[in-house]
Amino acid sequence: MKRLAAVLGGACLALMLLAFEERQAEAAVEALRARLGPAVERVRAAVKPTRTIRPAAGSAVLVGVFPARAEAPGGDLRIEGARLIFERAPALRTRPHRIAYGREAHVRPLGLPEAHQIELRQVVAADARTPVAASPLCGGAVPGWIALTRHEGRLELLVWPVGPAPDAVANAPSSCGRFTHDGPAG
């Protein structure tokens, strides 16, 4: 793979230098296609497709559909990696921040044991053109941070508005939503 990357890097440099003369660039591209096409096909044939990994029953991995309880304004929640997809609220894309413990002040409202691990995630824009939308999960404000954890057959969700990480400063904003989902379904 390193060898192929070096060849492709050199080819790109050569094409950039040749781009000033269009006919020469076209000829160079065709020559590269003729030479690299078979190599690329061999690499594709050698690479085995990955399979979807499903967490084992009882696993702590947060994935799947979590049915809403009455107080959850977003409805049922489906977690697909970094995406939290709600039935009645805008989907949220997240990125990991850190693992918190039940003893920490900012996650104490969840009422979990002191040693219980809780995922802290930052809510991020789905892409550069689409900002994070206001959400009923945060009382109509824009969510900025989420804490997620499984405990006793349920999913606990705590939401904070946009701002500094809830664990970053002593006077961090209060959470704007706390919800429990059953689950996962199925």
Side-chain angles (χ1 to χ4, degrees), residues 1-2 4-6 8-9 11-13 15-16 19 25 29 32-33 36 40 43-44 47-55 59-69 71-100 104 106-107 109-110 117-150 155-169 172-186:
M1 288 306 255
K2 288 182 180 180
L4 180 61
L8 289 175
C12 289
L13 180 59
L15 287 175
M16 185 180 78
V29 167
L32 280 173
R33 277 191 187 145
L36 293 179
V40 170
V43 169
R44 280 187 186 153
V47 174
K48 303 275 189 255
T50 59
R51 59 190 170 99
T52 303
I53 297 172
R54 301 258 183 232
S59 168
V61 174
L62 295 175
V63 66
V65 176
F66 297 84
R69 290 197 174 173
E71 82 279 3
D76 291 352
L77 167 62
R78 187 171 79 240
I79 300 177
E80 295 176 354
R83 292 192 64 218
L84 280 66
I85 303 161
F86 295 91
E87 183 180 35
R88 295 186 305 267
L92 301 175
R93 183 170 170 252
T94 63
R95 71 171 159 223
H97 177 59
R98 72 176 188 88
I99 299 295
E104 297 178 39
H106 56 283
V107 293
L110 293 172
Q117 293 185 348
I118 302 153
E119 280 188 51
L120 285 181
R121 298 182 182 187
Q122 183 178 20
V123 177
V124 296
D127 59 58
R129 297 180 315 260
T130 311
V132 177
S135 174
L137 301 171
C138 198
V142 177
W145 299 90
I146 290 186
L148 291 166
T149 192
R150 280 188 182 174
L155 176 81
E156 299 290 346
L157 176 72
L158 191 60
V159 185
W160 290 271
V162 170
D167 61 337
V169 291
S174 298
S175 62
C176 55
R178 178 179 185 263
F179 311 103
T180 302
H181 287 77
D182 294 321

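All values reported here derive from a predicted model rather than from experimental measurement. Only heavy atoms go into these numbers, but all of them, side chains included; no hydrogens, no water, no symmetry mates.
Atom CZ of R121 is separated from atom CD1 of I146 by 8.0 Å, given to the nearest 0.5 angstrom. Separating the CG atom in L158 from the OG1 atom in T180 is a distance of 10.0 Å, to the nearest 0.5 Å. The CG atom of L84 sits 5.0 Å away from atom CD1 of I79, with the distance rounded to the nearest 0.5 Å. Distance CG/D76 to CZ/F66: 11.0 Å, rounded to 0.5 Å. Here CD of E104 is found 7.5 Å from CG of L120. Values are rounded to the nearest 0.5 Å. Between atom CG of residue L110 and atom CD of residue E156 there is a gap of 6.0 Å, rounded to the nearest 0.5 Å.
Using cut-offs of 30° and 60° for the angle between ring planes, the H97 and W145 rings count as perpendicular.
Closest approach of C176 and W160 over heavy atoms only: SG-C, 3.6 Å. For S135 against A89, the heavy-atom pair with the smallest separation is OG-CB, 4.1 Å. Here the closest non-hydrogen pair linking G140 and A134 is O-CB, 3.1 Å. The minimum heavy-atom distance linking P90 with P136 is given by the pair CD-CD, 4.1 Å. The minimum heavy-atom distance between R93 and A125, with the atom names listed, is NH1-O, 3.1 Å. Residue G74 comes nearest to L137 through the heavy atom pair N-CD2, 4.0 Å, listed as atom of the first residue, atom of the second, then distance.
Salt-bridge formation is not detected for the pair R78/E87: no Lys NZ or Arg NE/NH1/NH2 atom is positioned less than 4.0 Å from an Asp or Glu carboxylate oxygen.
Although no hydrogens or angles enter the test, the distance criterion places a donor-acceptor pair under 3.5 Å between the side chain of R178 and the main chain of P109. A donor-acceptor contact shorter than 3.5 Å links the side chain of T94 to the backbone of A82.
The local environment of CZ in R69 is crowded, with over 12 non-hydrogen atoms from other residues, nucleotides or ligands closer than 6.0 Å.
Inter-residue side-chain proximity for I99 and E119 is flagged as met; some heavy-atom pair is nearer than 4.5 Å.
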Given side-chain contact (heavy atoms from CB on, under 4.5 Å), test L155 with L77 step by step and report yes or no. CA-CA 10 Å; L155 176 81; L77 167 62; 3.4 Å; yes
